[in-house]
Amino acid sequence: MSEKIDTRRRTLLKTTAATTALATVGCSSSMTPVIEGIEHELPKSDKITGTGKWVATTCQGCTSWCAKQTYIIEGRAVKVRGNLNSHVHGESSCPRQHLSLQQVYDPDRVRSPLMRTNPKKGKEHDPMFKPISWDEAFDLLADKIIALRNAGEAHQYALLRGRYSHINEFIYKHLTNMIGSPNNISHSSICAEAHKMGPYYQDGNWGYNQYDIENTKFILSFGADPIASNRQVSYYSKTWGSALDNAKVVVVDPRLSISASKAHKCIPIEPAQDSVLALAIAHVALVEGIWHKPFVGDFKSGSNLFKAGQTVDPTLFEEKHTYGLVEWWNLTLKDYTPEWAESISQIPAQTIVQIAKDMGQAAPAVQVWTSRGAVMHTRGTYTSLACHALNGLFGGIDSKGGVFPANKIALNKKFPDSKPYLDDIAAKSIKQPKIDQRGTLAVPALKKGKPGGGVVTSNTANGMLSGDPYKIKVMLAYFNNFNFSSPEGQRWNDALSEVEFMAHVTTNISEFSWFADIILPANHHMFEKWGVLDSIGNSVHQVSVQQPSIDRLWNTKDDESEIPYLLAKKLAEKGFDKPWRYINEQLLDPETKQPASNELDFGKLLVRYVTSPLWLNASDKYGPPMAGWDDFIDKGVWNSHPYKLGSRWGNFKTETKQFEFYSKTLEKALTKHAKNHHVSVDDVMQACDYDARGQIAFVPHYEMPYRFGDAKQYPFLLVDQKSRLNKEGRSANTPWYYEFKDLDPGDIAQEDSAKINPVDAEQLGIKTGDQIMVTSPVGQLTCTAVLWEGVRPGTIAKCFGQGHWAYGRNASKIFGKAARGGANNDIIADRYDRLSGASAFYGHIRIQIAKV
Ligand SMILES: Nc1nc2c(c(=O)[nH]1)N[C@H]1C(S)=C(S)[C@@H](COP(=O)(O)OP(=O)(O)OC[C@H]3O[C@@H](n4cnc5c(=O)[nH]c(N)nc54)[C@H](O)[C@@H]3O)O[C@H]1N2
Ligand SMILES: Nc1nc2c(c(=O)[nH]1)N[C@H]1C(S)=C(S)[C@@H](COP(=O)(O)OP(=O)(O)OC[C@H]3O[C@@H](n4cnc5c(=O)[nH]c(N)nc54)[C@H](O)[C@@H]3O)O[C@H]1N2
Ligand code: SF4
Ligand SMILES: [Mo]
C-alpha cells in the first residue's frame with residue numbers, strides 16, 4: 001500500500017495544499033531531482049546539491065513508535081523511511097509515515113502564541129485568538145499559577161497529557177507536584193488500559209506483549225488488525241505474509257478487517273461477546289486434554305478427569321508454572337461448553353472444538369492477541385483475562401512462537417525525587433484526592449494491583465463538572481484533544497468552558513484548543529523536537545531518539561522541554577523558584593554534570609539523561625552498548641539482546657510467582673479496595689456493575705455485555721475502528737488522509753463512511769452514497785452510507801477520525817463552525833470498565849440510522 005503513495009508522490013506533491021506551503025518557504029525547486037536521487041540508492045547525501053542528509057528520528061503516528069530516518073535538504077524534510085539500524089522493523093514502515101510531511105508543513109499550524117480575546121467560552125463562541133509573544137504567554141500562565149497557590153488552591157491546577165515521550169517526567173509529574181497539584185492526568189485509560197488487565201493479573205506484566213509471529217503455528221486474534229493498527233505495525237506488516245504461510249490464523253472481529261480478510265478463518269463476533277469464545281476454547285482444551293502440559297502440569301495419575309459440568313478435586317492435579325487451573329474449572333469453566341457458547345454467540349460448537357484442537361496441536365507456538373475492540377467495554381477486564389488465559393493454557397507464554405513482554409532494558413525514565421522541593425503549600429495540597437475520582441468505591445482503577453493506581457482520563461471531565469472532589473481552575477494541557485478523543489466529548493466542552501485559565505500546547509488549533517485562554521504552539525514531534533521512545537517486536541526492545549532535523553518554520557517550541565523550562569524560569573522571576581531550582585540542581589547532564597544553559601539545551605540534556613545507560617560507560621547486560629552519544633544520535637536507535645525465552649517461568653511477578661488462572665493478585669487488589677471502603681468484594685462488584693460474586697470475581701468468567709439504549713428504538717450496534725491513515729487524532733488535516741481513505745476496506749475516498757450490511761440496508765431503503773444520520777441515546781452524527789458485506793448484520797462499522805469542527809481547513813467543513821463527517825465519540829456514551837478505569841468504546845453503543 002505504501003508503494004501506492006510513493007509512485008504517485010510526485011504528482012501529489014504538485015497538487016496538494018502542502019505544496020503550497022512548501023513553495024511559500026522557497027524549497028520546491030530542488031524537489032524533483034532529490035526524490036529521483038533518493039528513491040533508488042538512498043545515498044548518504046543528495047546527488048545534485050551534495051547537501052542532503054538522513055537524520056534519525058522516531059514516528060509517533062501511532063503507538064508503534066517506529067525508528068525513522070528523514071531526508072533533509074536545505075533545512076527541509078522531503079522523505080521518510082524506516083531506520084535500517086532498527087532490529088525491530090528495519091526499513092519497513094506503514095502508509096502513515098508519509099503523512100508526517102504534510103503534518104509538519106501543514107499551513108494551518110499555529111505559528112505563534114495566541115491569546116483568547118472573547119471571554120465567553122463554548123463551542124459556539126469563537127475565541128477570537130490574537131497573537132502574543134512567548135514572554136506575554138508565560139507571564140499570563142505564571143501569574144495564574146502563583147495566584148492559585150497563594151489562594152491555597154494549588155490542587156486546582158491540572159496537567160493533562162495526550163501523547164508523550166520518555167522525557168515527559170518534568171512537565172508531567174515533578175512540575176505539577178512542585179506547584180502543589182496531585183492532578184497529572186494522562187490519556188492512558190482512553191487508550192488501552194483494559195488490555196493490560198489479563199497480562200498483569202495473570203502473569204504480572206502491566207504492559208503490552210510482543211508476538212513471535214515468525215515462529216508461530218497458530219494466531220488467534222480478538223479484534224487485532226496488526227497490518228492496519230495495533231502496535232509495531234511496520235514489523236507485523238512485513239512478516240504477516242510469512243505468518244500466513246506457516247501458521248493458522250483465526251481473526252475474531254465483527255468487521256472484516258484487513259487481517260480478517262487474509263486469515264484462514266474469520267469469525268464475525270457479536271460485539272463484546274469475545275469471552276464466550278475464549279472461555280469455550282479453554283473448556284474444550286481441558287475436556288480434550290490438550291492443554292500444554294510442560295507449562296500447565298497434569299493430573300498426578302496421568303488420566304484426564306475434566307468432564308463437562310463436573311467438579312474436580314484440586315489435590316489430584318499438579319501444576320507446573322501455573323496456579324489455580326482446577327479452581328478456575330470448578331468455579332466457572334466446567335460449564336462453558338461449546339454448546340453453551342453456540343447458544344449465546346451462534347458460533348457453531350464444532351468450529352469452537354476445531355479451533356481448540358488446532359491450538360492444542362500447535363502448542364506452545366500459539367499466540368492470542370487482544371485488541372482494544374475486544375476489551376475496551378464495560379466488562380472488558382474479564383474478557384482480557386479470558387483471552388490471555390489461553391496464552392497460558394496452550395503454553396505460549398515466553399515460548400518460541402508465542403507471546404512475551406518487553407525485554408528488560410535500562411533507561412533513566414524516572415527523574416530525581418522532587419519531594420525536597422515541595423514547599424508548605426505544595427506539600428499540603430498534593431495530598432488532595434485526584435480530579436478523576438480514582439480509588440473511590442465505583443472507580444477502583446486497579447493499575448498494578450493498586451486501588452486508585454490508574455488514571456481515569458475521561459472521568460476527569462465528570463469530576464470537573466460536578467466539582468467532586470473540587471473544580472479545576474488552571475490547566476496546562478499538551479498533545480491531547482480529549483473533547484474529540486473521549487466518549488461523549490460534549491462533556492469536555494462543558495467542563496473546559498468552566499476552567500478559569502487553560503493553556504494548550506498544540507501544533508494545530510483543535511477542539512480542545514477552542515476552549516483555551518492561551519495557545520502555546522508546539523514543535524512537531526518527529527522533525528522539530530527532542531524526545532526518546534521505545535518499541536518492541538521481533539524479540540527485540542529498541543530505544544530510538546527524536547531530534548530536531550529541519551529549520552523551524554514558525555515561532556514554536558518543544559512541549560516537554562522548552563515550554564516547562566521557560567515556565568519554571570518565569571515562575572522563579574515572580575518569586576516561586578522551586579521548579580527552577582529543581583531543574584538547575586537536579587537535572588544535570590550525565591557527562592558534564594552541568595545543568596542546561598538555556599531552554600534549547602534542555603531537551604537535548606533530558607534525552608541524554610534518560611538514555612545515558614545506553615551510551616555512557618554502558619555494559620552489554622541488556623544489549624550491545626553504543627560507542628557514545630554521537631554514535632547513538634547518528635544511528636538513532638539502540639537494540640536490546642533478543643528476548644530470553646522462558647525467562648519468567650517460575651518467577652512471574654504475581655502473588656504466587658506463577659501464571660494465575662485463579663488470580664491471587666486480583667483477589668488481593670480487590671480485597672484491598674473493598675477494605676479501603678469498609679465493604680465486601682461483592683459490594684465492589686455491584687458498585688462497579690459486574691455480575692460476578694464470590695470467588696468468581698478472581699477468575700476469567702462470562703459477563704453479559706452491557707448495552708445502552710432501548711433495543712427497539714436503537715436496533716443496531718456501532719463497531720468503532722481505527723482508520724489505516726489515522727495517526728491517532730493528528731493526521732486529520734492532511735489532504736492525503738482524505739485522498740487515500742479507500743485504503744480502509746469498504747470506505748470511499750474523500751468521504752466519512754458508515755458501513756452497513758446490504759441485508760440491513762435493503763430493509764432501511766439505504767443505498768451507497770446516501771447521507772445518513774446516526775443517532776444514539778447521547779448524540780448524533782451525519783456521514784455517508786456504504787453498503788458492504790464485510791460488516792456483521794445488525795452492526796454498523798465506522799472509522800474513528802473524522803468529524804472535526806476545528807483542526808484545519810481539510811479536517812473541518814468550516815473551521816470552528818461545521819464538521820466534516822461525523823465524530824464517533826459524539827455518539828459513544830461515557831461508560832467505563834471500572835476495574836481498569838478504561839473508557840468503554842465498544843459493545844454498549846446502540847444506534848439507529850436514517851436517511852437525512
Ligand atoms: N492505523 C492506526 N494504527 C494505530 C493507531 C492509529 O491511530 N491508527 N493508534 C495506536 C494506538 S494509540 C493504539 S492504543 C493501538 C490500538 O490497537 P488495538 O488494540 O488493536 O485497537 P483498535 O485498533 O482500536 O481496535 C479496534 C478493533 O476492534 C474491532 N472490534 C470492535 N468491536 C469489537 C468486538 O466486540 N470484538 C472484537 N473481537 N473486535 C472488535 C474493530 O473492528 C477494530 O478492528 O493502535 C495503534 N495503532
Ligand atoms: N472513538 C474512538 N476514540 C478513540 C480511539 C478510537 O479508536 N476510537 N482511540 C483512542 C486512543 S487508542 C487514543 S491513544 C486516544 C488519543 O487521543 P489524544 O491523547 O487526545 O490524542 P490525539 O487525538 O492524537 O490529539 C493530539 C492533539 O495534539 C495536538 N498535536 C498534534 N500533533 C502534535 C505534536 O506533534 N505535538 C504536540 N505537542 N501536539 C500535537 C493536536 O491538537 C491534536 O489534536 O484517542 C482515543 N479515542
Ligand atoms: S504511523 Fe505507526 S506504524 Fe506507521 S511509521 Fe509511524 S509509528 Fe510506525
Ligand atoms: Mo492508544
Side-chain angles (χ1 to χ4, degrees), residues 2 57-68 80-83 86 88-89 92-100 103 162-163 187-195 208 220-238 251-260 266-278 369-377 380 383 387 485 525-526 533 535 537 544 705 717-732 743-745 755 790-792 795 797-801 838 840-845:
S2 58
T57 187
T58 305
C59 179
Q60 287 190 280
C62 72
T63 34
S64 299
W65 294 355
C66 299
K68 292 277 148 198
V80 177
R81 68 176 183 188
N83 188 333
S86 155
V88 173
H89 51 73
S92 305
S93 193
C94 86
R96 293 185 289 285
Q97 69 169 351
H98 303 291
L99 302 184
S100 54
Q103 284 175 271
R163 205 29 84 205
H187 78 178
S188 293
S189 69
I190 57 167
C191 182
E193 290 300 77
H195 177 108
Y208 301 105
L220 174 59
S221 163
F222 288 98
D225 186 11
I227 307 169
S229 171
N230 204 263
R231 293 172 186 81
Q232 241 337 295
V233 176
S234 299
Y235 168 63
Y236 294 118
S237 299
K238 181 173 81 170
V251 175
V252 182
D253 196 317
R255 167 186 78 89
L256 191 72
S257 66
I258 302 173
S259 311
C266 54
I267 298 182
I269 192 103
E270 185 186 317
Q273 292 283 26
D274 297 76
S275 65
V276 176
L277 176 60
W369 296 56
T370 34
S371 73
R372 289 176 76 251
V375 297
M376 293 291 279
H377 59 81
T383 305
C387 295
S485 56
H525 60 276
M526 193 167 156
L533 283 312
S535 186
S544 60
L717 286 170
L718 176 74
V719 174
D720 184 276
Q721 65 170 107
K722 282 187 167 49
S723 164
R724 284 192 91 178
L725 294 183
N726 250 63
K727 299 178 88 178
E728 291 155 37
R730 304 188 282 279
S731 49
L743 280 179
D744 291 311
K755 288 156 284 197
V791 62
R792 182 190 160 97
T795 68
K798 181 173 177 300
C799 283
F800 162 66
F841 290 87
Y842 306 90
H844 65 295
I845 314 129

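Residue numbers count from 1 along this sequence. Atoms within each ligand, like the ligands themselves, are counted from 1 in listed order.
Close approach to R724 involves these atoms of ligand 1, each under 4.0 Å from a residue heavy atom: 1 (N). For ligand 1 and C62, the ligand atoms under 4.0 Å from any heavy atom of the residue are 3 (N), 4 (C), 5 (C), 9 (N), 10 (C), 46 (C), 47 (N). Set against the non-hydrogen atoms of V252, the atoms of ligand 1 under 4.0 Å away are 37 (C), 38 (N). Counting atoms of ligand 1 from 1 in the listed order, those under 4.0 Å from a heavy atom of S723 are 1 (N), 2 (C), 8 (N).
At a heavy-atom distance under 4.0 Å, only side-chain atoms of K68, from C-beta outward, approach ligand 3. Under 4.0 Å from ligand 1, the heavy atoms of D274 that appear belong solely to its side chain. With a 4.0 Å heavy-atom cut-off, ligand 1 is reached by the side chain of V719 but not by its N, CA, C or O. By the criterion of a heavy-atom distance under 4.0 Å, the side chain of R231, and not its backbone, is placed next to ligand 1. Residue-level proximity to ligand 3 for C59 is carried by backbone and side chain together, each with a heavy atom below 4.0 angstrom.
Taking atom 30 (N) of ligand 1 as the reference point, the nearest protein heavy-atom neighbour is G373 CA, 3.6 Å. Of all protein heavy atoms, the one closest to atom 26 (C) of ligand 1 is Y842 OH, 3.6 Å.
Considering backbone and side-chain N/O of E270, none are found under 3.5 Å from N/O of ligand 1. In terms of N/O distances under 3.5 Å, ligand 1 is not approached by A224.
Proximity of V233 to ligand 1 is not established, as no heavy-atom distance is less than 4.0 Å. Residue contacts with ligand 1 include R96, since one or more of its heavy atoms lies under 4.0 Å from the ligand. The shortest separation from a heavy atom of S257 to ligand 1 is not under 4.0 Å, leaving the residue out of contact. Using a non-hydrogen distance threshold of 4.0 Å, C94 does not register as a contact of ligand 1. Residue A272 places a heavy atom less than 4.0 Å from ligand 1. Note on ligand 1: R163 sits in its first shell, one or more heavy atoms being nearer than 4.0 Å.
Using a cut-off of 2.8 Å, one finds that C66 contributes no N/O/S atom close to atom 6 (Fe) of ligand 3. The distance from atom 2 (Fe) of ligand 3 to the nearest N/O/S atom of C62 is under 2.8 Å.
Scanning I258, D720, N726, L256 for the heavy atom closest to atom 41 (C) of ligand 1 points to D720. Here atom 21 (O) of ligand 1 lies nearest to R372 when heavy atoms of R372, Q721, R792 are compared. Among P705, S731, P254, S485, the residue whose heavy atom sits closest to atom 40 (C) of ligand 1 is P254.
Residue Q232 holds its CD atom at 11.5 Å from CH2 of W65, rounded to the nearest 0.5 Å.
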